[in-house]
Each structure stands twice: as C-alpha cells, then as structure tokens.
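Each remark here refers to the structure printed beneath this line.
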Amino acid sequence: MASQNTAARKYVYDFAEGNKGMKDLLGGKGANLAEMTNLGLPVPPGFTITTEACQAYLATGDTPDGLAEEIGRHLDALESAMGKRLGDPDDPLLVSVRSGAKFSMPGMMETVLNVGLNDASVHGLARQASAGGDGADDQGGERFAWDSYRRLIQMFGKTVCDVPGEEFEHALDGAKRAKGTIDDLDLDANDLRMLVDAYKTIFVKHTGREFPQSPREQLDLAVNAVFQSWNAERAVLYRRQERIPADLGTAVNVVAMVFGNLGPDSGTGVAFTRDPASGAQGIYGDYLANAQGEDVVAGIRNTVPLQDLERLDKTSYDQLIDIMARLEGHYKDLCDIEFTIERGKLWMLQTRVGKRTAGAAFVIATQLVDEGLIDLDEALTRVNGVQLSQLMFPRFGNSSDAERLTRGMNASPGAAVGRAVFDSYTAVKWSRSGEKVILVRRETNPDDLDGMIAAQGILTSRGGKTSHAAVVARGMGKTCVCGAEELDVDTKARRFTAPGGVVIEEGDVISIDGTTGVVYRGEVPVVPSPVVEYFEGRLEPTDEGADELVRAVHRIMSHADEARRMAVRANADTPEDAERARRFGAQGIGLCRTEHMFLGERRQFVERLILADSDEEREQALAALLPLQREDFLGIFTAMDGLPVTVRLLDPPLHEFLPDITELSVRVAVAEARGERHENELRLLQAVHRLHEQNPMLGLRGVRLGIVVPGLFAMQVRAIIEAAAERRKAGGDPRVEIMIPLVDAVQELELVREEAERVVREVCDREDIDVPYLIGTMIELPRAALTAGQIAEAAEFFSFGTNDLTQTTWGFSRDDVEAAFFSAYLERGIFGVSPFEQLDRDGVGRLVRIASEEGRAARPDLKLGICGEHGGDPDSVHFFHEVGLDYVSCSPFRVPVARLEAGRASVQTTGSDSR
C-alpha cells in the first residue's frame, strides 16, 4: 500500500511548472530557477527532483517507485528542447546535477557538472565546440572537451564514489609540473587527454570498476549522491549551526550545461545587487573568464571585479545589469546571482535572496523602505536579534601603531584576534582548550566548516567576496578577510609569509579587520561598537559621527518598540546594572537577586544568622542586615524610578554563604594539632556539616528558607518597603513587586504572603505613607506549573524561572551536564540546540503554556513574565509572545535583542516567514 501511494506522487517538475513560493518542495534553487524561467529570463532548460523524493530515498535507501520513469520523461523533454541527446557521440547534451535545499547551504552538498560525457561523446563535444567558435580553433575545441571530461571524472569520483579528492589534485599538480606551469589554463588538449587517463586509473584503483560510460547511469548515480549529501558530515554540522531542520531533505536540479570555459568570449561569475558586506548600493561581484562556475566559488583562481565585464563584453554586461535590477525589484531584496556567458550569450544559473552581514541586513532593510519596495513591518522581519547582537561586539580602534601585514577583501566585517592556525583540526583542538584562533588557508572548502565555526575569524589568500570562505562567514556572522594575494600561505609548513619577508608561524597572534580587509601582526586593541554607544545614549542618530548603520538600527528599533506587545525588563542586582539596563531600553527589572547582596563583607552577618543559638541572636543578625539591604533597594528603586522592580527574596541554600567545607576542615584540624581552639570556626564547621545536602539545588532553599528560618523573609520585605517608603517621601515613584522563589504548593505561598503583608502594614502605618506593591511567585518547578491555577489564587504575578524549570524538567544539572555530554547529544541530534540556550517548546514550553492558561483562568489580571536567560534568546522570545506573556526579562546587554524580537514577534503573528 505504501509503495502504491509513493508511486502516485509527482516527484519531478519542469522549471516552467514551479515558482519561488514552492521552496518546500523544489528547494530554494529549483524554486528560483522556475521563477526566473517564468519571468522570461535566459535560464537553461531543466527540471527539479523534489525534496519529497529525497526524503523517500533517505528513509528507504532506495529510489522511490516511479522516480526513474519520471526522470526519463523529463529528460526526453529536455533533449527535445535542446535538440541534443544525452550521450550522443556526435552532438551530446550534457547536464549539471545540483543540490538545492529550502534554505541556502552554500557548498555543503554536492554538485556534478558535465554529466553525459564518455569516451565517445567527448570527441563529438570537441567537434561541436570547434565548429561553434570562429572555425579555426580545432585545438581550442579539443582542449575544452577534454577539460570538461577530466572535471566530470574528478567531481563524479569524489562526490559519487568517495574517491579521495587529493588523488585527483596530485595528478593535476603533476601535469602542471610536467608542463612547467602553475596555471590550469596552460595545459593543452593533449595534456588534458593524458590527465583523463590518469583520472580513470585513480577511479579504478579506488572503486574497482571502470568509469561508467552510460550517461543515464551517470545521471542516476549523481542524483542519488546529491540525496545522500544531505546527511554528509559537513551538511549536518552546517544545519546545526544555522538551526535548519534535519528532516527537510534537498531537491536536485538537472540543468542543461552551458559553458563558461569555451574561450576568452566565455566566462562565469557571481553578482550581488548590493554589497552583501556593507549594504551599499552599486555593482558588486566577481567574474572569471574562460572558467566554469565552481572555479569562482572555490576561490582557486582570483577573479576580477564584475565591473571589468563591461570592458570585456559590454553587451552581456548591460543585459546582466538590467536583469539584476529586475530581479531585485521582483524579489524586493538583495539578490545573489550566478551566471555564465557562453560565447557571448548570457545565461542565468541561479538567483536567491543573498546572505549578508548583520550590518548590511539593517542598512538594506531601511534602504528598501525608502525606495518604496517594502514597509517598516516587512523591514523588521528582514533583521533578527542574532544579527543585532553581532553589531554590538567591539571593533578595532586606533590601529596606527599596529604592524600592518597586508590588505585583502573585506568579506565579512568585525574585529577578530587570535593565534594563526592552518587547518580545521587544529582550529577545533585549540579552541576547545580556550585559545582564540584565526583559521588561515589559501582557500577554504566545505570540509573546513568545523574549523570555521571554531575560529574567531577566517583569512584566505585566494578568492573574492563570493568565494566559499566569504559566503559561509557572512552566513555565520564570522569575521573574514579573503583574497589577500600578497600572502604566501604554506599550510604544510604551517606558516605564511607577508610582504617584506615577514613570517607568521602557527601560534603567532594576528588581527584581521573584516570591515577594511586589513591584516595586522599581533593584537590590535578593540573599542566599543557604535551601536552600543547608540544604545547607551552616547551617540545620537543625528550626530555627525553616526553612520548609516546607526541610523538604520535606530529606525528599525524605533519601529520594533512601536510594534511590540510585550514589555522588556532586565535582570539587574545593583543600581549600576539597573541604570545601564534603562539606557538599553529596559522597562523595569524583572529579576533583582537579593543573594548577591549577601556576599563580600556581609558574609559575617549571614554567618551570625546561621550560628545563632537563640531567637535574640538571630534577631540581632537580621537587624544588622536590615539597613544594608534597605540601602541596596533604595539605590535600585532610584535608578528604576517609575518602572516596576521585581525583587526575589533569598533563593540559594544558606551553605553557599559559608566557607568551603574542605578549607574549613583543614583550618580546624591545623588549629587542633597546634593545641589551639577556635570556637567560632569549630561552630562554623559544625554548621556547614549540618547544612550539607547531597543535592542542595533541590534542598533547603527559596520559599523553604523563608518558612524554616524565622524572620529572614520578613527582614527582606521590611527593607524593601522601607526603601520604597523613603523613595516616595522624596517624590519618587517606586513600583514594588515582591517575588517568592521555588514555590511548589500554594500553601507555601500563602504562609509567606501572610507574613509579608503584616510587615508591609507595619511599615506603612509607622511611616504614614502608602506603598503600592504586588506579591507573586517564581514558577520554576514542574509541580508549580501544573498547579498554577491553585497558586494563582495567592499570587498577583508569575515569573517563569526557565533556568531552573529546564533543569528540573529535564533532570539536568546545568553546571555538570553541559561539559559532560551535551556535545554528544548535539552531535547525535537528540536536540538541535542546548535547552538552556533555547527554550524546549515541547517540554518546558508546554509547562509554561499550561501555567499561563490555568493561572489566568483563576486570576484574569495575573501578570506573566519570564526572567530566565531565555528571555533574551530570539527564538524563545517569539514563543513567549505566542503564549501571551506580558514581558520578558534578560541581562542588560541582551535587552535590545529582546526588544527587537518582541517587535518581530508582533508583526509576524500573521504568519510571515522570518527566514
């Protein structure tokens, strides 16, 4: 039955049958090829095998029923359209087989070019290439044909049959050495014919069979290899890095080959409708004459700027510029375009909404608003919190005293400092040991992905802004300088040589500036980002020093603040943190931790409290703490005047305020050995033993302390209300919210609430002033979430402590498990990202949803917020908006990110896609 259902499904679509809205089915590349075809642009004929076919193949390990026949029918149609047959010995049709997932994964999956060539058709291709030229270049046609054949064997062998790629590279290097050259273009037809023979020998050696001569077999094997590449190690790693779902699968595009390597009137290139690094308008891209497309993105030959194409082929250049403008207007966004010119005829091979740096994303979004292509709501969906956080990192300051080594292309901005390493393995190994590294390569390839992720930045001596290094770095937000041609990179010797004979060995510190492209020896100091200066109020968008980026961030943030429903608060424990959070746009404090106020010199008072043998001693210890706490709260209420401040009463176990048990035991033992007797330290040691717990995070802490230690919470509530009363008398507007931590049952909250209300009444009666306040609780235990309806009867607000809620739901101790086994869980796909970093929607998120719904059902005016670090995570903010929380709270530095994402969540509730 399953087989019959599979056979009935349509797996192959001609380009004319699709459109850009079909990315789920046709992948990004196939959908956009279809869109360009329907726009009447010059796209080579072809067809797309769907992502559903890939999913079926990966599920069973076999080609789904009916796919081979569908491919055959579409291949017949393609041959009719081109007037050629696949494998025809006289006039062969060649096709490319390319991957194309829903989301761009540059270089992570496989491509095979020139499929259809064999020992017979290579001669027909040579004759046709010679005839299609000026009629006098038989040698040029021969060279082209044999070059195409050796490329097929090389790509097919590596991609389809797992032949080590370096075997082919060594053979190519040997052919160039024999010719006395370092350039592929110097190899003539005879050299390439011999290289094909060498490649065939390598193929047989590693596969045990001859290179397949059947064009259809080549095609079918290439399609299956592209399917399989969805689960290749680098593709899995890239998906994890970019948080792309693992079950989407890739489409496969089969396209009639057009050739950029037919001579000087041919070539290939990549173009952007705006600068993907800065967002500046203009003509950006790379062009390589007499080359195939893989040569450009691989960075193995240095390209020329796209503007040079106007001099080389003005007709094609003018047509390309017109198409670029048309595509940008159609997609209403920066477009990334791949093209080939075959003997003066322009062909469009791909377009997509282009990857860009964080700064370019903000600048381009506001430019498109000004051009009337999108509105501010749409502009808000074009940027995200991850990009904004990248813009807040420091950048290089005054580098006039730094030793400048060279300058390359500013491929992806930022300031990166680290030790030079020359392979991905070393980059990963050193970074895991805490070293900051810069990955230095001649050019990167997809196998370098893990090293690129581990590195602070990437430096290459080859390639342009469209090379693999540049595209992947921009997508990851990594600093990258590429095409630094003056550097002689010797990866085997693990060093590079800069102009003037300066040698940088592996381990030497270098600094790379992705904004200017400059490479420095040693460490260059960094300065705050202008975006941070803007958020802190030191730089206004109208100031002379404010650049286009600052103005763009201001416009989008202003609209996010207007659009968002949720408020954004900060987690802050000191007046200084509170003031900074307010400058960053916080609308109050969602979590003020009082335990931080018991550290340092105040530990002595906590020790006195713990050691108290009588009510009198305990009350004396609490009385000593009261004025200190009151002063703390007064400073915070002053900094946040007019905004709500949620104060969490003491949460951690008391033993955390006592000396380390091992250290204290040693001190007591040494004293006793000397015949000395320190009564206080002995009493402390006894207290430490008494308070010791096997699992203190699940022991005597939070509300349990308030119930077991008489007067502790009452002292804190008194300090809070007295500070608020003093602030009100001074004309201020303190807005007090008292939060009881670790509540499991409503009875706990009722007991503490009754005591707190008594203290509030006493203070207000004594001071003859009214202090408005709320009493609520932290929902951080599964039982609290599941009994939220009961707890809401005694609480005026809930604040979800998602750090502890995640720990207690998963049974994870955060301090232990992240280092112990999270890497294995991530690698094996148990979860795609740490649940402490991004909220687990299915488990922890469901508890949040249940508690929100049942709490509001019991108390409709219940205020709901979140104060775990998930409050600053972009994806989690969207979930909290969906659930209906009133606010999120996060660390001060993440407040702008939460503001932006809360705005995006509001405008995206209609279902627009954030990618």
Q) So which heavy atom on Asp744 is nearest to which on Ile791, and how close? A) O-CD1, 4.4 Å

(Q) For the CD atom on Glu233, are there more than 12 heavy atoms of other groups (residues, nucleotides or ligands in this structure) within a distance under 6.0 Å? (A) no

Q: Taking all non-hydrogen atoms of both residues into account, name the closest pair between Ala563 and Val907 and its distance.
A: CB-CG1, 3.8 Å

(Q) With a 4.5 Å cut-off on side-chain heavy atoms, are Arg582 and Leu643 touching? (A) yes

Q | Note, Pro835 side chain near Phe812 side chain (heavy atom, < 4.5 Å) | A | yes

(Q) Ignoring hydrogens and geometry beyond distance, is a side-chain donor-acceptor pair present between Ser891 and Asn571 at under 3.5 Å? (A) no

(Q) Is it the case that the side chains of Thr802 and His870 hold a donor-acceptor pair, with the cut-off being a distance below 3.5 Å and no angle test? (A) yes

**Q.** His878 and Glu901: side chain donor to acceptor below 3.5 Å
**A.** yes

Q. Aromatic rings Phe821 and Tyr825: how do their planes relate, parallel, tilted or perpendicular, breaks at 30° and 60°?
A. tilted

Q: Indicate yes or no for a side-chain donor-acceptor contact from Arg618 to the backbone of Pro710 under 3.5 Å, with no hydrogens or angles considered.
A: yes

Q | Min side-chain heavy-atom separation His881-Gln908 under 4.5 Å | A | no

**Q.** Counterpart residues, side-chain contact (heavy atoms from CB on, under 4.5 Å), relative to Asp24 (two or more places apart)
**A.** Lys102

**Q.** Residue pairs fulfilling side-chain hydrogen bond (donor to acceptor under 3.5 Å, both in side chains) with at least one residue in residues 780-801, sequence neighbours excluded
**A.** Arg753-Glu796

Q. How far apart are the closest heavy atoms of Glu854 and Leu786, and which atoms are they?
A. OE1-O, 3.8 Å

**Q.** Residue pair Arg565 / Thr909, side-chain donor-acceptor N/O under 3.5 Å
**A.** no

Q. Looking at Glu748 and Leu742, what are the two nearest heavy atoms and their distance?
A. OE1-O, 4.3 Å

Q. Is any side-chain heavy atom of Ile589 less than 4.5 Å from a side-chain heavy atom of Glu737?
A. no

Q | Euclidean distance, Ser104 OG relative to Lys355 NZ, rounded to 0.5 Å | A | 4.5 Å

**Q.** CA sep, side-chain torsions, deciding dist, call: Leu864, Phe797, side chain to side chain contact (heavy atoms under 4.5 Å, CB included)
**A.** CA-CA 6 Å; Leu864 298 174; Phe797 68 86; over 6 Å; no

**Q.** Test item: Leu591 and Thr646 side chains (from C-beta on) under 4.5 Å apart, heavy atoms
**A.** no

Q | Salt bridge flag under 4.0 Å for residues Arg630 and Asp632 | A | no

Q. Under 4.0 Å between a Lys/Arg side-chain N and an Asp/Glu carboxylate O for Asp573 and Arg580?
A. no

Q. Would you call Arg701 and Glu595 a salt bridge, taking side-chain N to carboxylate O under 4.0 Å as the test?
A. no

Q) Within a radius of less than 6.0 Å around CD of Glu631, do more than 12 heavy atoms belonging to other residues, nucleotides or ligands occur? A) no

Q: Answer yes or no: is there a side-chain heavy-atom contact under 4.5 Å between Met392 and Phe893?
A: yes

(Q) Donor-acceptor pair, distance only, cut-off 3.5 Å: does the side chain of Arg727 make one with the backbone of Pro734? (A) no

Q) From Arg356 CZ over to Arg382 CZ, what is the distance, rounded to the nearest 0.5 angstrom? A) 7.0 Å

(Q) If we ignore hydrogens and angles and just use 3.5 Å, is the side chain of Ser889 paired with the main-chain N or O of Ile866 as donor and acceptor? (A) no

Q) Would you say the side-chain atoms of Gln629 and Thr594 include a donor-acceptor pair closer than 3.5 Å? A) no

Q | Spatial distance of atom CZ (Arg904) from atom CZ (Arg564) [nearest 0.5 Å] | A | 14.5 Å

Q. Is there side-chain contact between Val743 and Met778, with at least one heavy-atom pair below 4.5 Å?
A. no

Q) Between Glu754 and Arg758, does at least one N-O distance fall below 4.0 Å, as a salt bridge requires? A) no

Q: Check for a donor-acceptor pair, side chain of Gln55 on one end and backbone N or O of Leu248 on the other, with a separation under 3.5 Å.
A: yes

Q: For residues Lys23 and Thr51, determine if any side-chain heavy atom of one lies less than 4.5 Å from a side-chain heavy atom of the other.
A: no

Q | salt bridge (Lys or Arg N to Asp or Glu O under 4.0 Å) partners of Asp875, counting only residues at least two apart | A | Arg841

Q | Taking every non-hydrogen atom, the tightest pair across Gly249 and Ala101 | A | O-CB, 4.1 Å

Q) Salt bridge or not for Asp561 and Arg899, using N-O below 4.0 Å? A) yes

Q. Shortest non-hydrogen contact from Gly855 to Phe798?
A. CA-CE1, 4.0 Å

